[in-house]
A.B. asks: 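Handing you this structure, nothing more for now.
Just the heavy atoms: all of them, side chains too, but no hydrogens, waters or symmetry mates, feed the values below. Everything numeric in this text was worked out from a predicted model, so none of it was measured.
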Amino acid sequence: MNLKEKKIAFFTFHNWETKRQGGFHKFAEYFTKRGFTVYFVSVPRPYYSLFKNDERLNREVFEKLNRGIEYKIHSGLIVNLTFPTLDLPGALRKFVNDRVDLWFRKASFKNLNRFLKKNFHDCSYFVFESCEAILYFDRVKNLFPQAKMIYRPSDPLIVNPSINFRIKEIEIEVLKKADYVFVVNEENMQNYETYIPGISSRNNVSIINNGVSLEEYQKEYPKPDIFKGLDNVVLYVGARDIDWDLIINVSKKNRNVNYFIVCPESPNEEFRKEILRNDTNIHYVKGVYPYEVPSLIVNCDVFIVPNPRERYLHKNWGLTAKYLQAMIASKPIVAYHDSSHLSKYGFPVVYEEDDFYKEVMVGLTKGKIDYEYNFKEKNWDSICSKFYHIVTDGK
């Protein structure tokens, strides 16, 4: 493999430095171990980021990504950058049709062709996540016809009711045109099979699960400061939004149970009011960095996944890394509004508030649980190795 071939671009929703670390971080880091220069392209990063103040969208991050940020990692280099767009804030999208909305998502004060040619002219591999990254797929494929085009959807867009219909159409085309498609689980594969019959039997389409760093959740850690002096710690830590009202309601049933919600998503107004009460037993932390997560999970008493009601019907995530992390740490788990088949892994899946509360209370009496599961198949090292060798033809 010559130097020209040792460059790869990941078009992803995430920043490199983030509290919402995804599988693309693991894949990118694996390539740096093999001496690659990795372009980590964060999209969308609209111009209105200049007026936002959340972790992903804010003036400082926007300006840095426009210049490009370099990180020396292992024997390679990661360059985090973006292509800014005129994408509309969510509140304004309802005033335009799908066609106009799509135009704004693509439009920029910069020239896209010039941006792509300047940064990626010598890349041999392009990997796209299931987000607005796919809007660049055709342009990249046309500009760099010799490069391999890989689609790695974390969440199918075609079944998401909130996604612009034209973006769903683009996803179907990407599924047909990509050199490789790597789906994260069987549930997502079934979703795609509904729209593209026979896709699961194609030679270039396969399942490569998301993984988990096994050893980090099998260690002992000092009790985190936020847990000190507290018993009956019920924890959710994750990047997705939750059913905020559920937590408010169950917290009132027993004030001796401490609910910790560690999440970069913004709570609703009622939740914000509740955590300001003097007698509250809800503790909210606006996200932590990935290296802090293991100590939280290892030291909690019950781990919960309180999804918004019926979210799983159009975002069927399956056995996610969060479940696996808690399973490896031998923690009792309670899942709310998730796929019923997850109960086969040894934890309850419930759909009513009272049942959720009952299972939390039962979980607090259980202590450690030995889950019967082959965790080695979820090891990030083996998953990244599989991804790398398929993409590079074993080079």
A.B. asks: Heavy-atom count check: over 12 atoms from other residues, nucleotides or ligands less than 6.0 Å from E372 CD?
C.D. replies: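 Not buried by this count: 12 neighbours or fewer within 6.0 Å.
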A.B. asks: Verify the distance criterion only: is there a donor paired with an acceptor across the side chains of Y180 and R152 at less than 3.5 Å?
C.D. replies: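 Absent: no donor and acceptor within the cut-off.
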A.B. asks: With hydrophobic residues grouped by side-chain heavy-atom distances under 4.5 Å, do W16 and F11 end up in a single group?
C.D. replies: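 Unlinked, W16 and F11 end up in two clusters.
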A.B. asks: Is there a donor-acceptor contact under 3.5 Å from the side chain of T37 to the main chain of L77?
C.D. replies: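 No, the answer is negative, given that no donor and acceptor are paired below the 3.5 Å cut-off.
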A.B. asks: Does any part of the side chain of N119, heavy atoms only, come nearer than 4.5 Å to the side chain of V79, both counted from C-beta?
C.D. replies: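 V79 vs N119: side chains apart.
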A.B. asks: Are E377 and S382 close enough that a side-chain donor and a side-chain acceptor fall under 3.5 Å?
C.D. replies: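 No, S382 and E377 have no side-chain donor paired with an acceptor closer than 3.5 Å.
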A.B. asks: Identify the two heavy atoms, one from P264 and one from A239, that lie closest to each other, and give their separation to 0.1 Å.
C.D. replies: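 In terms of heavy atoms, the two residues are closest at CD-CA, 3.9 Å.
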A.B. asks: Looking at F144 versus F126, is the centre-to-centre ring distance below 6.0 Å?
C.D. replies: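 Yes.
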A.B. asks: Less than 4.0 Å between a side-chain N and a carboxylate O, is that true for K141 and D138?
C.D. replies: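 Looking at D138 and K141, the cut-off is not met.
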A.B. asks: In this structure, are over 12 heavy atoms from other groups packed under 6.0 Å from K168 atom NZ?
C.D. replies: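 Check passes, neighbour count above 12.
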A.B. asks: Would you confirm whether T12, through its side chain, and E129, through its main-chain N or O, come within 3.5 Å as a donor-acceptor pair?
C.D. replies: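 Answer holds: no.
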A.B. asks: NZ/K64 to OG1/T82 distance, rounded to the nearest 0.5 angstrom?
C.D. replies: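 If we round to the nearest 0.5 Å, K64:NZ and T82:OG1 are 15.0 Å apart.
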A.B. asks: Without swapping roles, check the side chain of Q218 against the backbone of A329 for a donor-acceptor pair under 3.5 Å.
C.D. replies: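 No, Q218 side chain to A329 backbone: no donor-acceptor pair under 3.5 Å.
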A.B. asks: Side chains of T85 and L135, heavy atoms from C-beta outward: is any pair under 4.5 Å?
C.D. replies: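 No, their side chains stay 4.5 Å or more apart.
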A.B. asks: Write down the atom of Y351, the atom of S339, and the distance for their closest heavy-atom approach.
C.D. replies: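 Shortest heavy-atom contact: OH-C, 3.8 Å.
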A.B. asks: Rounded to the nearest 0.5 Å, what's the gap from NZ on K366 to NZ on K331? Could you check?
C.D. replies: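 Rounded to the nearest 0.5 Å, the NZ-NZ separation comes out at 13.5 Å.
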A.B. asks: If only side-chain N and O atoms count, and only distance matters, is there a donor-acceptor pair under 3.5 Å linking N97 with R99?
C.D. replies: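 No donor-acceptor contact under 3.5 Å links the two side chains.
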A.B. asks: State whether the number of non-hydrogen atoms from other residues, nucleotides or ligands found under 6.0 Å of N53 atom CG is greater than 12.
C.D. replies: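 Atom CG in N53 is not packed in, count stays at 12 or less.
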A.B. asks: Please verify the inter-ring angle class for Y373 with Y345; under 30° counts as parallel, over 60° as perpendicular, anything in between as tilted.
C.D. replies: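 Rings of Y373 and Y345: perpendicular, as their planes differ by over 60°.
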A.B. asks: What do the steps show when you test V41 against F120 for side chain to side chain contact (heavy atoms under 4.5 Å, CB included), and what is the final call?
C.D. replies: CA-CA 11 Å; V41 190; F120 313 116; 3.6 Å; yes
A.B. asks: Run the side chain to side chain contact (heavy atoms under 4.5 Å, CB included) check on M361 and V334 step by step: do they pass?
C.D. replies: CA-CA 10 Å; M361 298 308 295; V334 182; over 6 Å; no
A.B. asks: I'd like to know if the side chain of D179 reaches the main chain of I150, judged simply by a donor and an acceptor atom lying under 3.5 Å from each other, with no hydrogens or angles considered.
C.D. replies: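 Not at all, since once roles are kept as given, no pair shorter than 3.5 Å links the two residues.
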A.B. asks: Tell me, do W317 and R240 make a side-chain contact under 4.5 Å, heavy atoms counted?
C.D. replies: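 In contact.
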A.B. asks: Verify the ring-centre separation between F109 and Y47: is it less than 6.0 angstrom?
C.D. replies: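 Yes, the ring centres sit under 6.0 Å apart.
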A.B. asks: Looking at every heavy atom in both S49 and L57, which two are closest together, and how far apart are they?
C.D. replies: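 Shortest heavy-atom separation between S49 and L57 comes out as OG-CD2, 3.3 Å.
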A.B. asks: Between N80 and S42, is a side chain to side chain contact (heavy atoms under 4.5 Å, CB included) present by the stated rule, with each step listed?
C.D. replies: CA-CA 7 Å; N80 192 192; S42 302; 2.9 Å; yes
A.B. asks: Please confirm whether the ring centroid of F10 lies under 6.0 Å from the ring centroid of H25.
C.D. replies: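 For F10 and H25, the ring centres are not under 6.0 Å apart.
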A.B. asks: Got H121 and L143 here, is their nearest side-chain heavy-atom distance under 4.5 Å?
C.D. replies: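 No, too far: nothing below the 4.5 Å cut-off.
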A.B. asks: Does the side chain of K106 reach to within under 4.5 Å of the side chain of E132, using non-hydrogen atoms?
C.D. replies: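 K106 vs E132: side chains apart.
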A.B. asks: Whether the side chain of T32 engages the backbone of S75 through a donor-acceptor N/O pair (distance < 3.5 Å, no angle test) should be reported.
C.D. replies: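 Flag not set: sc T32 to bb S75 has no pair under 3.5 Å.
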A.B. asks: Nearest 0.5 Å please: distance from the CD1 atom of I196 over to the CD atom of E171.
C.D. replies: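 With rounding to 0.5 Å, CD1 (I196) is 8.0 Å from CD (E171).
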A.B. asks: Heavy-atom count around E17 CD within 6.0 Å, excluding the residue itself: above 12?
C.D. replies: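 At most 12 heavy atoms, drawn from other residues, nucleotides or ligands, come within 6.0 Å of this atom.
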A.B. asks: Regarding K7 and D122, does a basic nitrogen lie under 4.0 Å from an acidic carboxylate oxygen?
C.D. replies: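 Looking at D122 together with K7, the answer is yes, because their closest N to O distance falls below 4.0 Å.
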A.B. asks: ring-ring contact (aromatic ring centres under 6.0 Å, His included) between F387 and Y30: does it pass, once the steps are laid out?
C.D. replies: CA-CA 10 Å; F387 179 90; Y30 193 89; 9.0 Å; no
A.B. asks: Using a 3.5 Å distance criterion without hydrogens, assess whether the side chain of N281 forms a donor-acceptor pair with backbone atoms of N256.
C.D. replies: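 No, because the side chain of N281 does not come within donor-acceptor range (under 3.5 Å) of the backbone of N256.
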A.B. asks: More than 12 foreign heavy atoms under 6.0 Å from NZ of K26: is that the case here?
C.D. replies: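 Atom NZ in K26 is packed in, count exceeds 12.
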A.B. asks: Using the rule that Ile, Leu, Val, Met, Phe, Trp and Tyr join whenever any side-chain heavy atoms are under 4.5 Å apart, tell me whether I8 and F83 fall into a single cluster.
C.D. replies: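 Unlinked, I8 and F83 end up in two clusters.
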A.B. asks: So, are E269 and K273 salt-bridged, with charged N and O less than 4.0 Å apart?
C.D. replies: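 Result for this pair is yes, salt bridge flagged.
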A.B. asks: Is R114 atom CZ crowded by more than 12 heavy atoms from other residues, nucleotides or ligands, each under 6.0 Å away?
C.D. replies: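 Incorrect, the count does not exceed 12.
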A.B. asks: Does one side chain, of E274 or Y284, offer a donor that lies under 3.5 Å from an acceptor on the other?
C.D. replies: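 Their side chains do not contain a donor-acceptor pair, so the 3.5 Å distance test is not met.
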A.B. asks: Give a yes or no answer on whether the side chain of R56 reaches the backbone of N15 with a donor-acceptor pair at less than 3.5 Å.
C.D. replies: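 It does not hold such a pair.
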A.B. asks: Under the side chain to side chain contact (heavy atoms under 4.5 Å, CB included) criterion, do C300 and V234 qualify, and how do the steps go?
C.D. replies: CA-CA 6 Å; C300 77; V234 177; over 6 Å; no
A.B. asks: So, do S130 and Y151 sit near enough that their side-chain heavy atoms are less than 4.5 Å apart?
C.D. replies: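 Result yes, sub-4.5 Å side-chain heavy-atom pair found.
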A.B. asks: Of all the heavy-atom pairs spanning A321 and G211, show the shortest one and how long it is.
C.D. replies: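 Smallest heavy-atom distance, with atoms named: CB-O, 3.7 Å.
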A.B. asks: Would a single hydrophobic cluster contain both V302 and L246, if residues Ile, Leu, Val, Met, Phe, Trp and Tyr are joined by side-chain heavy-atom contacts under 4.5 Å?
C.D. replies: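 They do share one cluster, since a chain of ILVMFWY contacts under 4.5 Å joins L246 to V302.
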A.B. asks: Please confirm whether F128 and Y136 have ring centers closer than 6.0 angstrom.
C.D. replies: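 That pair fails the under 6.0 Å test.
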A.B. asks: Between N209 and V184 (side chain of the first, backbone of the second, donor and acceptor by atom type, cut-off under 3.5 Å), is there such a pair?
C.D. replies: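 Side chain of N209 to backbone of V184, a donor-acceptor pair under 3.5 Å: yes, one is there.
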A.B. asks: Using 4.0 Å as the upper bound for N to carboxylate O, is an ion pair formed by D101 and R105?
C.D. replies: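 Judged by the 4.0 Å cut-off on N to carboxylate O distance, R105 and D101 do form a salt bridge.
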A.B. asks: Please check: side-chain N/O of D301 versus main-chain N/O of V233, any donor-acceptor pairing under 3.5 Å?
C.D. replies: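 It does hold such a pair.
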A.B. asks: Report yes if some heavy atom in the side chain of F303 is under 4.5 Å from a heavy atom in the side chain of L235; otherwise report no.
C.D. replies: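 Contact flag for F303/L235 side chains = yes.
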A.B. asks: If you count the non-hydrogen atoms of other residues, nucleotides and ligands that lie under 6.0 Å from CG in D279, is the total more than 12?
C.D. replies: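 Result for CG/D279: enclosed.
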A.B. asks: Please check if the distance between the ring centroids of F227 and F260 is under 6.0 Å.
C.D. replies: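 Between F227 and F260, the centre distance is under 6.0 Å.
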A.B. asks: Taking the six-membered ring of Y357 as reference, does the cationic atom of K253 (NZ for Lys, CZ for Arg) lie under 6.0 Å from its centre and within 45° of its axis?
C.D. replies: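 So K253 does make the cation-pi contact.
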A.B. asks: Count the heavy atoms of every other residue, nucleotide or ligand shown that sit under 6.0 Å from CG of N374, and state whether that count exceeds 12.
C.D. replies: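 Atom CG in N374 is crowded, with more than 12 foreign heavy atoms closer than 6.0 Å.
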A.B. asks: Quick check against the 3.5 Å criterion: does H74 have a side-chain atom that pairs as donor or acceptor with the backbone of G35?
C.D. replies: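 Between the backbone of G35 and the side chain of H74 there is no qualifying donor-acceptor contact (under 3.5 Å).
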A.B. asks: Between Y388 and F27, does the ring centroid distance fall short of 6.0 Å?
C.D. replies: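 That pair fails the under 6.0 Å test.
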